[in-house]
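Here the structure is laid out as structure tokens; the discussion comes afterwards.
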Number of protein chains: 2
Amino acid sequence: MRLLDERQLARAPPFCRLDPHQLRRVRDLAQARNAAIGTVVFDEGQPALRFHLILSGHVRLVRMTAEGEQIIVLHVAAGQIFGLGAPLGRATRQETAITADDCQLLSWPTALWQVFSDDYASFAKETMRSLGARADEMSNRIVELSTKLVEQRIACALLRMIGQSGRKVAGGIEIGFPISRQNIADMTGTTLHTVSRVLSAWEKRGLILSTRCHVVVSDPHGMVMIASGAARPDQPATAARRSARKAASSIPYSAQASITV
Amino acid sequence: MRLLDERQLARAPPFCRLDPHQLRRVRDLAQARNAAIGTVVFDEGQPALRFHLILSGHVRLVRMTAEGEQIIVLHVAAGQIFGLGAPLGRATRQETAITADDCQLLSWPTALWQVFSDDYASFAKETMRSLGARADEMSNRIVELSTKLVEQRIACALLRMIGQSGRKVAGGIEIGFPISRQNIADMTGTTLHTVSRVLSAWEKRGLILSTRCHVVVSDPHGMVMIASGAARPDQPATAARRSARKAASSIPYSAQASITV
DNA sequence: CGAAGGTTTGAACAACCTCAACCAATGTGG
DNA sequence: CCACATTGGTTGAGGTTGTTCAAACCTTCG
């Protein structure tokens, strides 16, 4: 079991540069846990005592509003670290972490994050890289939510998921964990009704194949078209939504203002 | 000039624990720059060669879409660092940085980030903390964009700005830098027309005072009411928008699932 | 003073949410 | 193994929010 874990640990980006001896040390300090689908790993508001690594499976980071709505902020895939609140200066969890499928998890006390960072340069580097990637993803989500229509946002969400956790299957690329219409709605800021309508339409057009909690994208290119706002049936191919004020987009700012730094 | 910079530097969170000698070293490695309002500090797509600190003023981090729309991702206030793409593993800028008012800026080559982090523990800690705070802010924005009505989102944006850069004036709390309706629209994913209508209505109700590029919140508490979705004139005080499915929100997940970690 | 940028406001329309009802798949207990 | 509950999915009708279009106004600044 430990040996097995070590071998998987060696494939996780934050630890893949460590030698066998270092891996053993890291593994021995970890607490292992198998969590069935739907298990809550930690909950919004709790003290952030440990950080986690996914050996296999997927975890959703979720926030809930006072009105009882869920918003899926991020998906974390195998090989990745999550729950780094403490090193980022948060004493308590801001999100709830729920397994999206059956998971093997390791966790360490937050104090070890500093130790690992000091001892293994690649660990520090890799966690920073991962924080950066997530900041990018959130930033992209903000742009999408601000500018895109629901159909485009759903397309973006599917593309993001097949990019992060897609696996090739017969009819296309499948999202590698169970995902319901409600889940997709929670990612895109819409309702399951709208998601259902959109996916049904896409299935008729041959863009996807879908069964219960299960989506295969059979025409990724067509999906990109939809996500980008091209392939709009009626509209003239102009702005997807808000009036592209001035439309001076093509000239970067730098061409106008003197940039020095 | 250098001396003046050093004194201001000593007040910036990332450097406030340094002794005078260290401060001088940091200052001597920096490039100083005064940037008038509307100056582009760096542009989306450029290589990330330096990181920056605001001595005074405010900087907007902006992203543009293919259709020419701007989205304001974050505001950065005096004393804060920005442009940390490189340590986060990004070779090129993902956002454009534009000064929101007249700014005094310092910048350093990205290579020094590692050096400062190694040499000054408080610097490393503080930059992590700041990354965490921004991740929180983005996460909050995602929740707002996903669940709140336009009026609530605008209220949230105003509250966030007075929280970060508000100053007390005669009639209430003023946002500490110039801000147009269009800017607010770019923050909330709406149009300047809608922002204008909402602010006009608020001004009539005595919640704010506003002139060109200039907003004073005179009733912060009322603003919080609006932001949270209370104070809705017609609706019964239930869910602000999407149907609060199951509304099991009050019981934290942890009460249902065994949480161990 | 004219131009440019910011703001206001009305009217029409589109997107999408809400309500409502129903169906299909899966799981459960007798 | 079947009745039944549960969960996820589908689909139509109607209503609300907020965008789009259009036009005018005001302020600031060269």
Side-chain angles (χ1 to χ4, degrees), chain A residues 36-38 67 69-70 100 145-154 178-186 188-204 208-215 226 229 232-236 238-248 256, chain B residues 36-38 67 69-70 100 145-155 178-186 188-204 208-215 226 229 232-236 238-248:
Chain A
I37 177 173
E67 285 81 25
E69 310 166 70
Q70 280 186 17
L145 285 165
S146 302
T147 65
K148 296 195 172 175
L149 299 175
V150 165
E151 190 179 32
Q152 299 175 278
R153 300 206 300 267
I154 296 173
I179 184 109
S180 70
R181 317 281 142 146
Q182 180 67 60
N183 292 149
I184 296 174
D186 291 341
T188 50
T190 180
T191 62
L192 85 156
H193 309 278
T194 302
V195 173
S196 176
R197 274 181 251 271
V198 169
L199 294 197
S200 296
W202 286 349
E203 186 146 26
K204 274 181 199 125
I208 63 166
L209 298 168
S210 173
T211 57
R212 164 183 267 238
C213 287
H214 207 75
V215 179
I226 290 175
R232 301 219 66 206
D234 36 347
Q235 299 285 92
T238 55
R241 195 171 172 194
R242 250 166 293 299
S243 63
R245 108 197 65 117
K246 284 292 169 82
Q256 304 158 228
Chain B
I37 178 173
E67 285 80 24
E69 311 167 69
Q70 281 186 19
L145 286 165
S146 302
T147 65
K148 296 194 172 175
L149 300 173
V150 164
E151 189 178 32
Q152 298 176 278
R153 300 206 300 265
I154 296 173
I179 183 109
S180 70
R181 317 280 143 150
Q182 180 66 61
N183 292 150
I184 296 174
D186 291 341
T188 50
T190 180
T191 62
L192 85 156
H193 309 279
T194 301
V195 173
S196 176
R197 274 182 251 271
V198 169
L199 294 197
S200 296
W202 285 350
E203 187 146 24
K204 273 178 201 130
I208 63 166
L209 299 167
S210 173
T211 56
R212 164 185 266 240
C213 286
H214 207 73
V215 179
I226 290 175
R232 300 220 66 205
D234 36 348
Q235 300 284 91
T238 56
R241 196 170 172 195
R242 251 166 291 299
S243 63
R245 109 199 64 119
K246 285 288 169 84

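We use all heavy atoms of the structure for the numbers below, so side chains are in, but hydrogens, waters and symmetry mates are not. Just so we're on the same page: letters track the sequence lines, and every chain starts at 1.
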Subject >> Paired and unpaired positions of DNA chain D as dot-bracket, Watson-Crick or G-U wobble under 3.5 Å, | denoting a partner strand >> reply: ||||||||||||||||||||||||||||||
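- Protein atom NZ of Lys204(B) is 13 Å distant from nucleotide atom C1' of dT7(C), rounded to whole Å.
- Nearest to the side-chain atoms of Ser196(A) among the listed nucleotides dG18(D), dT7(C), dT10(D) stands dT10(D).
- Distance check: Glu203(A) CD to Thr211(A) OG1 gives 8.5 Å after rounding to the nearest 0.5 Å.
- To the nearest angstrom, P of dA15(C) lies 18 Å from CG of Leu145(A).
- Candidate nucleotides dT19(D), dG9(D), dT8(C) were compared by shortest atom distance to the side chain of Cys213(A), and dG9(D) ranks first.
- Counting non-hydrogen atoms under 4.0 angstrom, Thr194(B) reaches a base of the nucleic acid.
- Side-chain N or O atoms of Ser196(A) include none that pairs as donor or acceptor with a backbone N or O of Leu192(A) at under 3.5 Å.
- If you check dT19(D), dG6(C), dC17(C) against the side chain of Ser180(B), the one that comes closest is dG6(C).
- Distance Ile179(B) CD1 to dG5(C) P: 18 Å, rounded to the nearest Å.
- Among dT19(D), dT26(C), dT10(D), the nucleotide with an atom closest to any side-chain atom of Arg212(A) is dT26(C).
- dG18(D) atom P lies 7 Å from atom CZ of Arg153(B), rounded to whole Å.
- Distances shown here put a side-chain N or O of Thr191(B) below 4.0 Å from the OP1 or OP2 atom of dT19(D).
- At a cut-off of 3.5 Å, with distance as the only test, a side-chain donor of Ser210(A) or Arg181(A) sits close to an acceptor on the other residue.
- Following rounding to the nearest Å, Ile184(B) (CD1) and dT7(C) (P) show an atom-to-atom distance of 8 Å.
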Show each protein N/O and nucleotides 10-12 of chain C N/O combination with a separation under 3.5 Å, one pair to a line.
unit_1, atom_1, unit_2, atom_2, d
dG10(C), N7, Arg197(B), NH1, 3.1
dG10(C), O6, Arg197(B), NH2, 3.4

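- In this structure, CD1 of Ile37(A) is placed 14 Å from C1' of dG27(C), rounded to the nearest angstrom.
- dG9(D) atom P lies 12 Å from atom CD of Glu203(A), rounded to whole Å.
- Using a 4.0 Å heavy-atom criterion, one finds that Leu192(B) contacts the bases of the nucleic acid, with or without backbone contacts as well.
- In this structure, CG of Asn183(B) is placed 8 Å from P of dG6(C), rounded to the nearest angstrom.
- The Ser200(A) side chain lies nearest to dT11(D) when the options are dC17(C), dT19(D), dT11(D).
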